[in-house]
Structures are given as C-alpha cells and as structure tokens.
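Every chain is numbered from 1, with letters handed out A, B, ... down the list of sequences.
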Amino acid sequence: MKRTSELDFLKRAYRSYYFRRVESVEVPEEIERREFGILSFEGTMIRHLACANAGELKALLVRESPRSAYCSVAYYESPQLPIEEKGLLKADMAFDIDSGDLELQCKDEHDFKLCDSCRTPHPLRAEVCPSCGSTRLLTVHLACNRCIGAAKEEVVKLQDFLERDFGVAPSQIRPYFSGNRGFHVSVVGSKYENVDQGGRAEMVDYISGKGFTARQLGLSPKRGTEELYFKLPTPEEPGWRGRVASAFQDATGMNARDVLLKSYAEDPASFSSLLAKTVEKLSVKVDSAVTTDMHRVFRLGGTLHDKSGLIKRRYANVMDADPFVDSVAFGSDLVRVDVAYSPKFTMMAESFGPFRGERTTLPMYAAVYLVSKGLARPTEDP
Amino acid sequence: MEEADKILSFVVAFTLIRATSSHRAYWAFASAESESASYRLRQELRSPGGHRRFVLVCQASGLDMEHVEVRLGSTFFSFLSTLPSVLRVIPASGLTLAQLGLRGGEVYLREGEAIRLARSSIRRLLLQRLAFTEDPRLPNPLLKEVEKLKSHFLSSSSIISPLSPERNPCVRRLLLKLGSGGNLSQFERFAIVTFLLEEGWEVEAIADLFRRSPDYDERITKYQVAHISGTHAARRYRPPGCRKMRAHGLCVEGCRLRQRMEDEEDVRT
C-alpha cells in the first residue's frame, strides 16, 4: 500500500500534468451523452458524472487531477442517473489487449512480488515473504519492448478481423497504448453500435476462434478421401475456413487442400492438435469482459494510467507506437528516490537500473514510473 | 385446413397464449411456431419462387436476407445476410459465428444455416410480440381455456415440451428431474440455465423453472440466472459440451450427439 509521501508525490505530479497538458486529453464524440468516472488518490471511485461540453470535462480534470479518468463506451439519454435509469442509446465497441495475458517468456524477467513490509523482491509464485514472514506481497507487472511488440501483433490481427470480416472502416478503428502493458482498440461510429451484449460476446468468440474445429473444415471419419478433398476450404473462402486454409498454404507453400488432406489422412488425432494450434495463433487474445460489457467505462485517451504514470495515447498506426518514449508525461527534472527493487528498464531511450535497496537520482518520468509501480519512494530530502 | 383458417387459428392461439401471461407459455408457443415455420420454409425452398418467399419471410421477421447463389472456394452459398442482423438471432440458433462465412460485415449462408437463423428470428419476433402486446380482453368461454393453458404450463410436462428430445436428451432428463421437485447439483443447474439461455429463454422464465427446487429462493435464483446470462458479470457462460456432461455422468445412452462424439474419438484413437 502506498504511503502518504508517495501519494502526495504522485498527486503533485498529476496536478502538474493536467494543468499543463489538459488540451491533449481526447474529447469523446457526443460528450453530453457519456458517463464519466474518476478515481481519486484516496481510492474513491466517483461515477455517473456528466459533462455538457469539452470545457466542463477539462475543468473537471484540472480541478480533480484524478488518479484515473474514465469515459463510458455507451451513449445515454441521462448519463448522470443510476445505471438502470440512464437510458442506453448505443455503444462503441472496445477491446483490451494486455501483454500479461499473452504468456510471454520475458514475464519471468520483469514480473515479481515485492514484500510490502521489508521491501524485498520474490518470484511470482511466492505467497509468504521468506525474509520476514509477511503475507502482504505486492504483485508487480512491468512491461518490456517484447511485451509491447507482442501486444502490437495482437492489435494488427484484431484490425484485420475488424476490417476483413466485420467490415469496419479503418477510419472507425482507434488503437491506443493503454498506458501500462498493452493496447486498447475502440471502434467508433460503426454499424455495430446497437449490437447487444449477446452479440458482442459472439464477436469476441469469433475473433478468439471459439467453435472452429475440424468439422467446420469438412473433415469427418465417415467421408472418403475424394469426397473430403472437395469439402476442404481454399483461401478465397470467407470466414475462418478461408483463414485456416490461407495459414496452411502460407506455412507449407503447398495448395491448401492438398496440405490439409495430407495432414489429416496421415494422423487425424495429430491434425486436431495442429488445427487447434493454428487457430490459436490466428486468433486475437482480448479481455472478453471488456468488449461484452456495454456499460463499461474505459480509460480516457490523453489521461494518465495510475499504475505507470504513462499516458493512454492514440496511434494512427500501432506499429509506430513507442510507448516508453511517446507516452512519457513528465520532464527530466531530477528527483531523489529510494528504490526497493527494480529490474533494468528503458524510458526515453535511456536505460535505468537494475536497482536493489538503494537511493538514486532519476529523471521525473522514471521516478513517477517506479513510484506508481510501488517500487520506489521519494526521499524526505528537500 | 384452409389457408384463411390457418391464419385465424394462429391469431386465436396467439391471443390465448398472450392471455396466460406465462413466460413458459410464450416460449413454448414461439418455439413450436418457429419450428413449424422452419419446416415449411424448407419445403418452400424446393418449390418455384421459394427463394423469394423465403427472403420475404426473413425480412418480415427482422432478419436481413438476400438470395445469392454463389460458390466461394469449395462452398456453395445460397443466401447473404448482414452481420448486425445475424448477431441479433445467432445466440438462440445453435450456430456460432466461426461456422459461418463472414466477409466485410456480410454473412454468406448455406441453406441449412439460413433456415436455422430464420427459425431463431421468427421465434424472437413472436416472443417480442407476446411481450409487448396489450392484455387481450376475452369472453368467459375463452377465459376458461386460458385457465386450462395456465395450469398446463405450471405442470412438469410443459417444462420440456419446447425441447426436442432427440437433440438434447441429457438436458431433457435434467428438466424432468427439476420439474418433479428433484434437488439438482450445482453443475446440473448450471447446465440447465446455460442451455436454455442458448435456446433464447429469458432470465425470468428460466428462474421460474426452479420454483420446485427444495431450496428455492426467488431473489437469489433470479440473481444467479442473470449472472450466468452475463447481465451482471458482463461474461456470458456457454452450455457445457458433451464431454463435460459425460464426465459428470449426465450423458444419455442413445443420444445421436453422443454417437457422433464416440465416432470422432474412434478416429482419434
């Protein structure tokens, strides 16, 4: 848990950011129909806020300088009323891609637990601090360039599904660096604004490849080889059949039907496993709860992420994203901090750490990052 | 029956069912009518001009549909719909989006798929009409018929009538157990709720089925069913598949789904 000194440090930093840079906060479409929410540094979440215009929103942010600021994906008749009385009109689509869900090998290098009592680091699986016996262990998730790279690939796959399969125009797709370990993608003004929760769940299942099995390829033990061949898909087919056919063809250089039939005929059991792996590779890993929930409030673009102090920032092309440079919110004024532990990390093209139980001087942006993660404390020194 | 009589009998049936104010009755009626409609639509597609009539029926029920007849790769598609329209009806159709031919926000459909979506759309339309039609004012002789219908839908046999016994005998057996006041396990209750949600049942109607349970609590039951439907948790649960049902000892001998699963297992081994 953060102490008063850490909270005060972050409050001052956030206040300075919103005072200087509130104009870079993204104003959502039809602002008067949106619900806003803010999380204070004291831990209080206030929802059901409404803003009549951009000026009111910016005034709110400058006045409150919240730890986190959110905007509804939904548009309401009366956004300030309780949820059952708001009157849902329509909703943008929202997707959350978190590198922590991608099971990357670099996780062990930068994710760990920190004892809140004696401030010693331990592996993720630790449940009790072996140094002091405390059970108050803070879980720390950092992100490296490999994490961001993997998350970018998921965004690219998602964009492909949105455009090719769902017919969403590229101009309606808005990718953002989330501010922490991944990306958000908003779809605004599309024909899916009135799709209900059930329909959104179907769309998430689709991009996850759920329900696609060997049966959908036309494969069945009851069919003879020749009959099977003409049931198999080609890359020109719409939907998952075409995607899987393309994947097999690209991987082998062989005609899709030939390679599918050959693989199946050789060993149907292994083929099922190979197909499942192919589908998994082609699918997009998103947080289904975020997309399905039409009443969700999503972090507002241009605001700070409380777990990192980085900005949630929109990109025209996600492959251009360099979050540890572009999303840095603070300057390079030097700050003295006591760092309990930190692996090496890079910001603004400069490497910092590793640190272990030491006092050091860091640029403000790096100090905010470590304090936000619970890994450092500002010193009492003036 | 003359065509005019058929139309009149539908109107009378609709009115009587509406008068029961019973969600179970609504569901049974809508399911039976949509099942009957899908059978007739299948027949229509074999007759001259049938594709045009099929499209008209779909559009009247709120499902975008166009007759195309196009081969893409190895698949011949007869119809084309729009994804937003399909998304409204697919949850209760037994299909998943991954099975369908999506491209550019349009959905290419084979004949069987189009019929299933049409059935789901018709059922949805009927349920909506039943929910939003005003209470009919009926003469006394018809009110007696309405009371008979209400009693029927309160009895255990009516619980399973909308379900095809051939399709899901395992769930049918669970519903019979529920209807006779049996105490179901957590998994058995979950299976019933998720299956019926997938079939398009409303939360209220499903919660109502559990009245016969020994530990029934109306508030908790409604909350739990709503949670499973995704209303609170924003996560929708899917019905357990055949393997899971079998693992819990709930699979029924003679089910053709079980036979298909065993065939696939034979292939793998």
Could A/E266 and A/K262 be called an ion pair, given the rule that one side-chain N must be under 4.0 Å from one carboxylate O? yes
The interface call for A/R164 against chain B, heavy-atom contacts under 4.5 Å, is backbone
Under 4.5 Å to a heavy atom of chain B? For A/K191 that would be both
Bottom line for A/R200: the part with an atom under 4.5 Å from chain B's heavy atoms is neither
Looking only at B/S74, B/G101, B/G73, B/P84, the option with the highest number of non-hydrogen pairs under 4.5 Å against chain A is B/S74
Checked B/V86, B/L87, B/L100 vs chain A; the most non-hydrogen pairs under 4.5 Å come from B/L87
With chain A, the option among B/T96, B/L83, B/V107 that has the most non-hydrogen atom pairs under 4.5 Å is B/L83
When the 4.5 angstrom heavy-atom criterion is applied to A/L162 and chain B, the contacting part is neither
A/R257 to A/Y229 six-membered ring, cation-pi geometry met (6.0 Å, 45°) | yes
On a heavy-atom basis, the closest approach of B/A25 and B/I17 is O-CG2, 3.8 Å
Looking only at heavy atoms, the pair that brings B/F79 and B/H67 closest together is CD2-CA, 3.9 Å
| query | Is the A/F166 to A/Y206 ring centre distance short of 6.0 Å? | reply | yes
Centre of A/Y76's six-membered ring, under 6.0 Å away, within 45 degrees of the axis: is that where NZ or CZ of A/K90 sits? no
Bottom line for A/Y192: the part with an atom under 4.5 Å from chain B's heavy atoms is side chain
